[in-house]
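Please read the structure below before turning to the comments.
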Amino acid sequence: MKGLWICLVLITLSVSVSKTQRSVRTLNPQNKLFIITLDGLRWEEVFFGADSVLINDKESTQDSAISKALYWDADTHKRRKRLLPFFWNVINSQGQLYGNRLYKNNVNVSNPYALSYPGYSELLTGTVDLGIYNNSKKINSNKNILELLNSSREYKGKVAAFTSWDVFPYILNKEESSFTLNAGNEIIESNKLTRSEKKINLLQSSVINEKHETRYDELTYIACKEYILKERPSVVLLSLSGTDDAGHQKRYDHYLQEANNADRMIGELWSLVQTLPEYAGNTTFLITTDHGRGKKKTNWNNHGFFVPGSSQTWFALLGNAVVPLGELKTQTQVYQKELNELIRELLAKQ
């Protein structure tokens, strides 16, 4: 498997791969990377668009007429473009999309649990810790890539994470981390809050129930964008949770809306960084998810060890280090933990 992945990276990314982890000395501080995750977004919606069964199911989609008007088309390629226009108008022409199992282009999590904490830990640490088997708020003892990068000479003080889910301080071991991390319902803390950040704090405190595990993705995105404009970080984790929340609520209509919203925000962020000299021409987006979901009308809302399809994921790449191959239709197998090494490669000298 390792050899297959090395060949894949060499062919599609035009960067070299070592079987050992990269030393921080190989990093190129000119390279910028945004790691963006859409919690629990199925590969089926990414590559096929809205599901015909679920969009017509009254239990999952309360007003199918509206959802169809927004996201449905009988043609698969038009349908997926209606749901995720940035993915299929921009990434498909300028980047790469992995995970369409129709072509046996398979992407999976390696951990057996197919839950959020294990999935994010696998992505960000490059390891599968069998002791992380649920979403409990316990400290992750595995070193994550963000902390390693922030401890390097090249990226010191240039790493930040903004997440909708409030478990990330445990996944990323905030007590031991030195990079900026704003998660869940946390207010933005800074000695120099901008006017917009003050408004975000005020709005967030007025609309969010502090007992809820996630905040609105739009607030997470705006907070992240304000930080980018103010601090110009080099490595950013932006984690959105709306799709998974809607899925667990068995609201397929909301799930589609959240996916579409996330696509819009990613597109806006890409457009923004192209206007900033610090990022234009040297920035890569790595977009992925933490787990899949069930495949049937009865279990699409759920995921986990006993739900078939939960390990099936996807990822996309866009940026200066990426050869524009679009949707990959070659047979291969990639695992989530291997994206950790890819992160290192995207930031390495070239």
Side-chain angles (χ1 to χ4, degrees), residues 29-39 120 123-124 144-152 154-208 214-242 261-288 318-319 343 346-347:
Q30 299 303 312
N31 292 336
K32 309 296 192 297
L33 178 65
F34 288 71
I35 307 164
I36 304 172
T37 63
L38 309 183
D39 199 310
Y120 288 125
L123 169 67
L124 296 169
N144 67 77
I145 187 69
L146 300 182
E147 180 60 22
L148 291 173
L149 290 171
N150 198 59
S151 66
S152 71
E154 292 85 350
Y155 290 105
K156 183 71 175 178
K158 292 291 185 179
V159 180
F162 287 81
T163 73
S164 294
W165 196 30
D166 70 355
V167 181
F168 269 95
Y170 300 86
I171 299 172
L172 297 173
N173 194 353
K174 187 172 184 177
E175 293 181 359
E176 299 294 329
S177 298
S178 56
F179 58 88
T180 296
L181 171 57
N182 181 268
N185 298 317
E186 292 178 343
I187 64 170
I188 303 169
E189 295 183 349
S190 172
N191 293 327
K192 47 179 181 178
L193 284 175
T194 66
R195 181 179 300 178
S196 295
E197 287 173 330
K198 291 177 181 178
K199 289 182 178 179
I200 293 170
N201 284 342
L202 180 62
L203 178 62
Q204 182 169 296
S205 63
S206 64
V207 301
I208 291 183
T214 60
R215 67 178 158 196
Y216 293 118
D217 283 343
E218 285 79 2
L219 290 176
T220 301
Y221 165 68
I222 295 171
C224 181
K225 184 173 68 172
E226 285 297 310
Y227 185 86
I228 291 166
L229 290 170
K230 184 171 65 173
E231 302 293 344
R232 302 294 202 271
S234 297
V235 179
V236 177
L237 169 66
L238 173 60
S239 181
L240 306 175
S241 296
N261 286 344
D263 177 90
R264 172 184 51 79
M265 289 185 280
I266 294 170
E268 288 179 1
L269 186 60
W270 179 254
S271 296
L272 172 65
V273 298
Q274 302 313 306
T275 68
L276 302 175
E278 294 88 348
Y279 299 102
N282 59 355
T283 298
T284 303
F285 278 19
L286 166 59
I287 311 165
T288 188
L318 177 66
I343 291 170
L346 292 169
L347 293 172

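Just so it is clear, the values below take in all heavy atoms, side chains as well, and ignore hydrogens, waters and symmetry mates.
Under the 3.5 Å distance criterion, the side-chain polar atoms of Lys156 are left unmatched by any main-chain donor or acceptor of Glu154. A donor-acceptor contact shorter than 3.5 Å is absent between the side chain of Thr283 and the backbone of Ala280. In this structure, the side chain of Asn144 engages the main chain of Leu172 through a donor-acceptor pair within 3.5 Å. Judged by distance alone, the side chain of Glu197 and the main-chain N or O of Ala223 form no donor-acceptor pair under 3.5 Å.
When all heavy atoms of Leu203 and Leu219 are compared, the pair lying nearest together is CD2-CD2, 3.7 Å. Heavy-atom minimum distance, Lys158 versus Asn150: N-OD1, 3.7 Å. Between Ile266 and Phe285, the shortest heavy-atom distance links the atoms O-CE2, 3.9 Å. In terms of heavy atoms, Glu147 sits closest to Ser178 at OE1-N, 2.9 Å. Between Leu272 and Lys225, the shortest heavy-atom contact is CD2-CG, 3.5 Å. Of all heavy-atom pairs between Ser239 and Thr37, the closest is OG-OG1, 2.7 Å.
When the salt bridge (Lys or Arg N to Asp or Glu O under 4.0 Å) test is applied to Glu186, the partners found at least two apart in sequence or on another chain are Lys174. Take Ser190 and apply the side-chain hydrogen bond (donor to acceptor under 3.5 Å, both in side chains) test, not counting sequence neighbours, and it matches Lys230. Annotation: ring pair (Phe, Tyr, Trp, His ring centres under 6.0 Å) contacts of Tyr155 (sequence neighbours excluded): none. Partners of Tyr170 by side-chain hydrogen bond (donor to acceptor under 3.5 Å, both in side chains), not counting sequence neighbours: none found. Residues passing the side-chain contact (heavy atoms from CB on, under 4.5 Å) test with Ala262 are Leu38, Leu240, sequence neighbours excluded. By the side-chain hydrogen bond (donor to acceptor under 3.5 Å, both in side chains) test, Asn282 pairs with no residue at all, sequence neighbours left out. Residues passing the side-chain hydrogen bond (donor to acceptor under 3.5 Å, both in side chains) test with Glu231: none are found, sequence neighbours excluded. Residues meeting the side-chain contact (heavy atoms from CB on, under 4.5 Å) test with Ser241, sequence neighbours left out: Asp39, Ser164, Trp165, Thr214, Asp217, Asp245. Under the rule for a side-chain contact (heavy atoms from CB on, under 4.5 Å), the partners of Glu218 that lie at least two apart in sequence or sit in another chain are Tyr216, Asn261, Arg264, Met265. Residues satisfying the side-chain contact (heavy atoms from CB on, under 4.5 Å) test with Arg232, not counting sequence neighbours, are Leu229, Leu276, Glu278, Tyr279. With sequence neighbours excluded, the residues that form a ring pair (Phe, Tyr, Trp, His ring centres under 6.0 Å) with Tyr227 are Phe162.
Shown are Val235, Val273, Leu237, Ile287; of these, the side-chain contact (heavy atoms from CB on, under 4.5 Å) with Phe34 is made only by Val273.
Considering only heavy atoms from C-beta on, Thr180 stays 4.5 Å or farther from Pro233 through its side chain. Side-chain contact between Leu33 and Ile343 is present, with heavy atoms from C-beta onward closer than 4.5 Å. For the pair Ile228 and Leu269, the minimum side-chain heavy-atom distance is below 4.5 Å.
The structure places CG of Asn182 at 7.5 Å from OG1 of Thr163, a figure rounded to the nearest 0.5 Å. Note that CG of Leu124 is 8.5 Å distant from CD1 of Ile145, once rounded to the nearest 0.5 Å. With values rounded to the nearest 0.5 angstrom, Thr284 atom OG1 is found 8.0 Å from Leu318 atom CG. Separating the CD1 atom in Ile171 from the CG atom in Asn173 is a distance of 11.5 Å, to the nearest 0.5 Å.
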If you apply the rule side chain to side chain contact (heavy atoms under 4.5 Å, CB included), what do you find for Leu346 with Asn31, and how did you get there? CA-CA 8 Å; Leu346 292 169; Asn31 292 336; over 6 Å; no
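Classified by interplanar angle (parallel below 30°, tilted 30° to 60°, perpendicular above 60°), the ring pair Phe168/Tyr120 is tilted.
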